[in-house]
Amino acid sequence: MSTDDREHAAYDFAFVQEKWLPVWDQLEPFKSGRPEDPRPKKYVLDMFPYPSGDLHMGHAEAYALGDVIARYWIQRGFNVMHPIGWDAFGLPAENAAIKRNEDPRIWTYENIATQKASMRRFACSFDWDRVFNTCDPEYYRWNQWLFLQMYKRGLAYRKDSAVNWCPGCQTVLANEQVVAGLCERCDSVATKKKLNQWYFKITDYADRLLDDMAQLEGMWPEKVLTMQRNWIGRSIGANVSFAIEGHAEPVTVYTTRPDTLYGATFFVVAADSDLAAQLAQGTEVEKEFKEYLEKIKSASDIDRLATDRPKSGVFLGKYAINPINGEKLPIWASDYVLADYGTGAIMAVPAHDQRDLDFARAMKLPVRVVVNTGDEDPNKTGIATTSDGVLINSDGLNGLKKAEAIEKIIAELEKNGVGKATRNYRLRDWLVSRQRYWGTPIPIIHCAACGEVPVDESQLPLTLPDAQGLDLKPKGTSPLGAATDWVNVKCPSCGADAKRDTDTMDTFVDSSWYFLRYPSSTNHNEPFSRKDIDTWLPVDQYVGGVTHAILHLLYSRFFTKVLNDMGMLDFNEPFTRLLNQGMVQMDGSAMSKSRGNLVRLSDELAVHGVDAIRLSMVFAGPPEDDVDWADVSPSGSMKFLSRAWRLSGDVSSAPGVDFSHGEISLRKATHKALHDSAFAVESFRFNVAIARMMELVNATRKAVDSGCGPSDPAVREAVEAVAIMISLVAPFTAEEMWERLGHTPAVALAGWPVVDESLLVADAVEAVFQINGKIKERIEVSPTITDAELEALAMTHPTIVAELAGATPKKVIARAPKLVNIVA
RNA sequence: GCCCCGAUAGCCCAAUGGCAGAGGCAGAGGACUUAAAAUCCUCCCAGUGUGGGUUCGACCCCCACUCGGGGCACCA
């Protein structure tokens with residue numbers, strides 16, 4: 001088909017797509033980091049994908065949204081870095097490898113190639129020169145390096161602990177990966193296992209992770225901040241030390257209500273704690289205690305999560321002494337107290353804590369009210385009173401309010417050396433070792449004589465042994481253990497026979513700092529250079545799903561703070577702004593093959609074209625809302641793009657024509673669209689931005705057909721503006737329009753036209769006159785009219801005069817130029 | 001149970017205390033056409049989940065409730 005024929009043919013998206021891709025490959029409009037680039041920087045980042053097959057609808061939405069933002073800031077004259085890479089370690093590759101009996105590398109790199117090709121065709125504005133994969137040795141060597149830095153600083157350590165274990169994945173899980181008692185990956189019921197594992201000491205950073213959120217306020221979705229606050233779960237209280245009858249060591253409890261110390265009537269230790277076992281040992285209740293312990297151990301985490309199940313426990317026959325009044329408190333063991341929170345023991349104040357009250361009522365233990373809250377007696381109601389009030393039955397605290405009492409009792413306890421103010425956190429240390437193959441090997445050697453010996457940094461990367469010949473099937477121990485040549489080494493310290501650590505790192509380690517690597521992705525000497533970091537970081541705009549609200553975002557914030565302490569960067573928060581996109585659904589539920597409601601991205605692209613799919617995603621509604629594919633109309637998107645495209649063929653003025661004498665009302669529409677859609681994009685209301693573009697297309701159509709005609713400069717100005725604006729979302733169509741308008745590519749770099757403020761003022765606006773809030777008259781007025789002028793117009797208007805019938809209004813409110821409201 | 005978000009036309013969604021409708025989908029009619037598709041034009045449709053309150057004026061702010069979605073859930 002000749003170019004001439006093509007001119008008259010209908011808009012052919014497939015042809016246009018194939019036409020421009022090679023041109024863009026050559027122009028590289030999105031290359032960032034050219035030396036001496038004078039433009040201010042903007043780092044726009046999409047969460048990198050896991051290479052599980054080809055891109056799907058969810059990717060399409062996420063990357064379409066990120067692309068709008070990146071392309072917008074380029075049009076606004078910023079030097080935008082918009083990189084991409086692959087989060088390429090992880091279980092699916094390993095499972096696929098087991099199934100296909102081949103190296104997980106093959107599956108992984110094949111999928112990466114597929115996704116990469118799809119992203120190019122999807123016209124993602126990525127800087128392809130910065131790509132890396134976390135499974136590249138060149139990347140994970142820096143995971144190992146960072147691990148060693150953490151180790152040096154005491155932030156990476158091993159301990160024995162009851163850890164979450166997924167029987168499905170046959171590996172341990174971090175707390176964050178257990179959702180409602182289930183493995184977040186495979187939904188198996190997580191169990192507990194006593195194991196020696198590696199941890200990162202994220203709890204050292206709990207306060208900073210919490211307090212630094214102040215700077216994210218208004219920049220991150222409130223929802224994410226709330227979830228992180230809940231997750232860290234800081235509470236403020238006191239540790240109080242109780243002597244135990246017949247037990248040498250005192251036991252410390254943590255309480256947020258030290259003011260209620262006089263209301264303590266019993267004492268509870270976590271049944272699964274070492275302390276409980278110690279207290280029971282050798283006593284007549286030991287047998288009963290052990291039976292109880294067995295019973296609760298067999299209860300799954302799911303059962304434990306039910307908060308309404310009856311309280312249970314065993315009296316241990318011993319007594320704790322209340323340090324403030326010498327009272328003897330019976331000690332119980334129960335599973336309602338958690339072994340790994342606080343000290344694993346509590347003082348029970350049933351009057352003012354619901355859980356303690358439930359337990360007291362079940363075990364017929366006394367309840368003593370020590371705070372008069374004005375509520376009914378918990379003894380009668382069974383409802384603990386937790387609000388503020390006046391202290392009673394509490395000696396020196398009587399008459400004080402809660403806050404005063406807390407302050408006074410803590411001072412007293414501290415004076416007597418039996419307590420002190422303390423904070424506690426729900427957050428636990430991050431368990432980072434995994435018993436699987438496809439991850440970063442932990443760079444530690446275990447020597448019988450020297451203990452843990454770090455691999456020398458010069459020996460990094462410590463690459464994975466060849467998967468060939470290894471049994472990757474999950475069996476609870478790392479497959480690396482079977483790679484004898486790899487495992488058996490000489491101790492770097494003493495030279496004796498030693499073994500490598502056989503666990504690999506949680507893949508969340510990989511994603512905790514990848515955003516720091518993009519600017520230095522080809523640096524072979526360090527994970528990232530200070531110069532690159534200072535140039536590009538922090539990330540100005542991060543885009544991704546809310547599913548990572550806790551895990552990835554919390555870990556990345558933690559890494560950033562550690563690196564800040566190491567002096568490797570000088571900011572505290574990695575992601576200045578965060579946008580969470582919703583999910584793509586079909587008929588109200590998540591798409592999946594098993595549900596039979598899967599919409600294939602490749603099918604949709606084939607039928608409607610890339611631009612129409614991108615547009616549909618972005619136009620469907622607010623970005624954070626879920627999109628239901630049943631509600632969107634890709635054919636409607638195509639229709640709009642065709643309308644826009646057709647305009648570019650109608651323009652009959654020459655490129656470079658002076659717009660200033662163009663038809664004024666269309667010019668106003670153009671500048672208003674430019675102004676309003678920019679504002680909408682900056683406030684993430686992309687659907688609104690597109691509505692403004694549609695308005696301008698409609699207005700231009702009208703101007704061409706029945707207004708100023710196609711030769712008016714205002715028409716060219718409008719259509720050029722349309723091309724630039726829709727380039728954010730429909731880059732192929734925009735490029736084609738730009739060419740038809742007589743310009744050279746790339747439209748992505750054309751620049752957002754400067755808005756002429758004088759054209760944003762309307763000639764006349766409609767004002768309304770109300771009486772008692774009811775509209776009585778509408779008139780055209782100048783937008784610059786004053787309140788007094790408008791009021792005078794209203795009071796002399798025949799309709800209003802007639803309505804008032806001579807009565808004197810009580811009050812007149814004028815809001816020029818919009819309305820006058822007369823209160824009669 | 002606690003906390004957060006939402007509810008506007010048949011549907012998806014706009015409207016920063018000031019005329020409820022920007023945009024789209026679906027629908028109806030018309031123009032063009034031998035006809036159809038495409039295209040262009042025009043039109044229909046709710047008084048903002050319910051009940052109170054504040055205000056000259058409330059989709060918007062406050063209180064209570066209903067429904068939907070999400071988060072947390074023995075963390076002392």
Side-chain angles (χ1 to χ4, degrees), chain A residues 10-11 179-180 221-227 229-231 233-235 237-238 253-258 260 268 270 304-309 311 334-338 340-349 352-356 358-359 424-428 546 549-550 582 588 615-616 619-622 624-628 630-637 639-640 642-643 646 676 680 683 685 687-698 701-702 704-706 765-775 777-778 809-815 817-824:
Chain A
Y11 172 68
V179 180
E222 195 52 48
K223 186 179 163 181
V224 175
L225 296 177
T226 304
M227 284 169 74
R229 278 194 197 98
N230 288 343
W231 189 261
R234 178 165 68 194
S235 79
V253 303
Y254 172 71
T255 176
T256 54
R257 293 294 304 276
T260 62
V268 188
R304 287 195 59 143
L305 285 170
T307 52
D308 53 352
R309 79 203 163 95
K311 294 279 185 286
S334 173
D335 66 344
Y336 90 89
V337 171
L338 306 177
D340 60 350
Y341 182 78
T343 60
I346 63 153
M347 66 176 208
V349 185
H352 307 296
D353 182 285
Q354 191 60 48
R355 297 153 300 182
D356 296 345
D358 292 344
F359 192 82
N424 252 312
Y425 305 88
R426 218 188 73 120
L427 180 72
R428 308 292 149 83
V546 74
I550 296 174
L615 176 64
S616 299
F619 185 56
E624 61 275 13
D625 288 4
D626 291 341
V627 176
D628 201 306
D631 294 330
V632 308
S633 170
S635 56
S637 299
K639 206 167 105 180
F640 165 67
S642 301
R643 267 166 79 77
R646 245 177 279 119
D676 289 0
S683 38
R685 287 147 61 236
N687 52 329
V688 177
I690 290 167
R692 297 291 163 266
M693 298 174 201
M694 290 173 166
E695 277 180 276
L696 181 57
V697 167
N698 292 344
R701 178 84 264 151
K702 197 168 258 178
V704 168
D705 289 351
S706 57
V765 294
E766 191 178 63
V768 297
F769 297 153
Q770 301 175 322
I771 294 179
N772 295 330
K774 297 261 186 296
I775 295 159
E777 193 60 56
R778 300 156 191 269
K810 290 197 189 103
K811 194 173 176 183
V812 179
I813 295 107
R815 290 285 181 274
K818 286 180 173 171
L819 64 78
V820 176
N821 187 19
I822 299 158
V823 186

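Model, not experiment: these values are computed from the prediction. Within every chain, numbering begins at 1; the chains are lettered A, B, ... in the order of the sequence lines, protein sequences first and strands thereafter.
Side chain of A:Y254, nearest nucleotide from B:A76, B:G18, B:G24: B:A76. Here the nucleotide nearest the side chain of A:R643, chosen from B:G71, B:C56, B:C41, is B:C41. The side chain of A:R815 sits closest to B:G18 out of B:A73, B:C74, B:G18.
To the nearest angstrom, C1' of B:G71 lies 16 Å from CD of A:E624.
Considering only side-chain N and O atoms, A:K818 lies nowhere under 4.0 angstrom from the phosphate OP1 or OP2 of B:G17.
Rounded to the nearest Å, the gap between the P atom of B:A26 and that of B:A38 is 10 Å.
Relative orientation of the A:Y341 and A:Y254 rings is perpendicular, given thresholds of 30° and 60° on the angle between their planes.
Taking the centre and axis of the six-membered ring of A:Y336, the NZ or CZ atom of A:K311 falls inside the cone set by 45° and 6.0 Å.
Counting heavy atoms from C-beta on, the side chains of A:N698 and A:R643 come closer than 4.5 Å. Here the side chains of A:D353 and A:R257 are not in contact, with every heavy-atom distance at 4.5 Å or above.
Of all nucleotides present, only B:C41 satisfies the Watson-Crick or G-U wobble test against B:G29, with each distance under 3.5 Å. Here B:A9 sits opposite no nucleotide as a Watson-Crick or G-U wobble pair (both hydrogen-bonding atom distances under 3.5 Å). Partner assigned to B:G49 is B:C65, using Watson-Crick or G-U wobble distances below 3.5 angstrom.
Summarising the geometry of A:T260 relative to A:H352, their closest heavy-atom pair is CG2-CD2, 4.0 Å, with the distance given to 0.1 Å.
If A:G233 and A:G636 are placed on RNA chain B by their nearest nucleotide, the residue sitting closer to the 5' end is A:G636.
Remark: the A:N821 side chain and the B:C56 base include a donor-acceptor N/O pair separated by less than 3.5 Å. A:K311 contributes a side-chain N or O that forms a donor-acceptor pair with the base of B:C74 under 3.5 Å.
Applying the 90° criterion around 0 to the glycosidic angle, B:G27 comes out anti.
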B/S/- contact track for nucleotides 4-16 of chain B, protein heavy atom under 4.0 Å: -------SSSSSB
